[in-house]
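Chain letters run A, B, ... following the sequence lines, proteins first and then strands; every chain starts at 1. Note that these values count all heavy atoms, side chains included, but never hydrogens, waters or copies made by symmetry. Here the structure is a predicted model, which means the values were calculated and not measured.
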Number of protein chains: 2
Amino acid sequence: MSMLTGEVNGKRVAMVCGIPMDVENCPVRDVMDNIGGKWNSLMILSLADGPLRFSQLRRLIPDISQRMLTQTLRDLQRDGYIHRTVYPTQPPSVEYALTDLGRSLLGLLKHFVDWSVENHGAIRAAREVYDAEA
Amino acid sequence: MSMLTGEVNGKRVAMVCGIPMDVENCPVRDVMDNIGGKWNSLMILSLADGPLRFSQLRRLIPDISQRMLTQTLRDLQRDGYIHRTVYPTQPPSVEYALTDLGRSLLGLLKHFVDWSVENHGAIRAAREVYDAEA
DNA sequence: AAGAGCAAGTCTCAAAAAGAGACCATGTGC
DNA sequence: GCACATGGTCTCTTTTTGAGACTTGCTCTT
């Protein structure tokens with residue numbers, strides 16, 4: 001992980017790991033802008049065990065609004081993490097499933113889940129110290 | 001990664017990996033709420049090589065407002081990822097450095113950076129397909 | 001000596017994003 | 001006939017974020 005200042009399109013920009021952290025040229029930002037959203041990674045985790053329908057997701061994540069559920073699913077579909085299938089039943093049901101890309105990302109997210117559980121205590125402790133002295 | 005419905009404090013909640021995905025009781029959400037923010041993980045990556053001062057960070061990430069820079073640093077400090085040191089120089093300078101916890105998270109973020117670079121092409125491709133048919 | 005610039009922020013106001021909840025068409029069970 | 005389910009959209013309000021001026025004290029330039 002080395003950082004230096006590099007040149008992209010004649011502009012000086014910060015480099016992290018040899019990747020331009022520039023606003024337009026940074027793949028990390030481009031990816032993060034989607035999956036870093038409030039609901040996006042939770043959605044991918046929720047689909048880990050298999051496809052779910054719209055209303056199943058809504059029940060699984062009770063504190064998401066329908067509006068944000070729709071939008072999150074669209075965003076994830078657009079970037080290729082999930083696939084949307086409509087079954088012509090009565091009433092029509094819609095199923096959301098992880099793609100290969102989505103499962104690949106899920107592998108990363110699992111590590112993140114483990115890390116969160118391991119370090120949750122330390123974070124809560126740090127928070128209390130900070131709040132006490134402020 | 002198994003998901004089922006479990007019981008926490010008498011309430012039925014979704015479980016992912018044996019972790020309650022409930023709003024109040026989920027360590028993953030608690031951690032993610034901070035580092036999932038727009039600037040937070042970028043900030044930790046920026047401090048990877050060593051401590052930086054406020055204005056150095058501002059120059060490194062030109063598209064962050066001072067207001068959000070201050071707030072992001074405070075949030076990260078509160079959760080124990082970074083440490084803030086004031087040097088009584090003239091004018092006083094303030095240095096931000098990763099803590100052990102911050103470096104631990106950095107390890108995860110590096111994997112994320114690698115994944116982003118590897119899969120950026122696939123994501124852009126998926127995006128174009130989606131935009132074309134919509 | 002006057003003016004500019006930097007340090008690390010705070011403050012205010014405007015714009016964007018998110019949340020709450022009504023509404024839609026269609027069909028089933030009671 | 002009534003309530004409920006399906007997968008959403010629409011509008012309204014609240015919360016977040018962004019843009020940019022302002023601060024205090026010191027140094028550097030002219």
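Salt bridge absent: Asp63(B) and Arg58(B) never bring a charged side-chain N and a carboxylate O closer than 4.0 Å.
Take Thr85(B) and apply the side-chain hydrogen bond (donor to acceptor under 3.5 Å, both in side chains) test, not counting sequence neighbours, and it matches His83(B). Residues passing the side-chain hydrogen bond (donor to acceptor under 3.5 Å, both in side chains) test with His111(B): none are found, sequence neighbours excluded. Shown here are the side-chain contact (heavy atoms from CB on, under 4.5 Å) partners of Pro91(B), two or more places apart in sequence or in another chain: there are none. With sequence neighbours excluded, the residues that form a side-chain contact (heavy atoms from CB on, under 4.5 Å) with Gln56(A) are Leu52(A), Arg53(A), Arg59(A).
Identified under the salt bridge (charged side-chain N to carboxylate O under 4.0 Å, His left out) test for residues 79-99 of chain B, with sequence neighbours left out: Arg127(A)-Asp79(B). Residue pairs meeting the side chain to side chain donor-acceptor pair (under 3.5 Å) criterion with at least one member in residues 35-45 of chain B, sequence neighbours excluded, are Asn34(B)-Asn40(B).
Counting to the nearest Å, the P atom of dT15(D) and the CE atom of Met68(B) are 17 Å from each other.
With a heavy-atom cut-off of 4.0 Å to chain A, the contacted part of DNA chain C has its first and last nucleotide at dA18(C) to dG27(C).
Phosphate proximity of dT16(D) to Trp39(B): absent, as no side-chain N or O sits under 4.0 Å from OP1 or OP2. In terms of phosphate contacts, Lys38(B) brings a side-chain nitrogen or oxygen within less than 4.0 Å of OP1 or OP2 of dG18(D).
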If you look only at distance, which donor and acceptor atoms sit under 3.5 Å apart when one is on a side chain in residues 99-108 of chain A and the other is two or more places apart or in another chain?
| residue | atom | partner | partner atom | Å |
| --- | --- | --- | --- | --- |
| Thr99(A) | OG1 | Gly80(A) | O | 2.6 |
| Thr99(A) | OG1 | Tyr81(A) | O | 3.0 |
| Thr99(A) | OG1 | Leu101(A) | N | 3.4 |
| Thr99(A) | OG1 | Gly102(A) | N | 3.1 |
| Asp100(A) | OD1 | Arg103(A) | NH2 | 2.9 |
| Arg103(A) | NH1 | Leu98(A) | O | 3.3 |
| Ser104(A) | OG | Trp115(B) | NE1 | 2.7 |

Please enumerate all protein N or O atoms sitting under 3.5 Å from an N or O of nucleotides 6-13 of chain D, with distances to 0.1 Å.
| residue | atom | partner | partner atom | Å |
| --- | --- | --- | --- | --- |
| dT6(D) | OP1 | Ser55(A) | OG | 3.0 |
| dT6(D) | OP1 | Arg59(A) | NH1 | 3.1 |
| dT6(D) | OP1 | Arg59(A) | NH2 | 3.1 |
| dT6(D) | O5' | Ser55(A) | OG | 3.2 |
| dG7(D) | OP1 | Val94(A) | N | 3.4 |
| dG7(D) | OP2 | Ser55(A) | N | 3.0 |
| dG7(D) | OP2 | Ser55(A) | OG | 2.6 |
| dG8(D) | OP1 | Arg74(A) | NH2 | 3.2 |
| dG8(D) | OP1 | Arg84(A) | NH2 | 2.4 |
| dG8(D) | OP2 | Arg84(A) | NH2 | 3.4 |
| dG8(D) | OP2 | Tyr96(A) | OH | 2.6 |
| dG8(D) | N7 | Gln66(A) | NE2 | 2.3 |
| dG8(D) | O6 | Gln66(A) | NE2 | 3.1 |

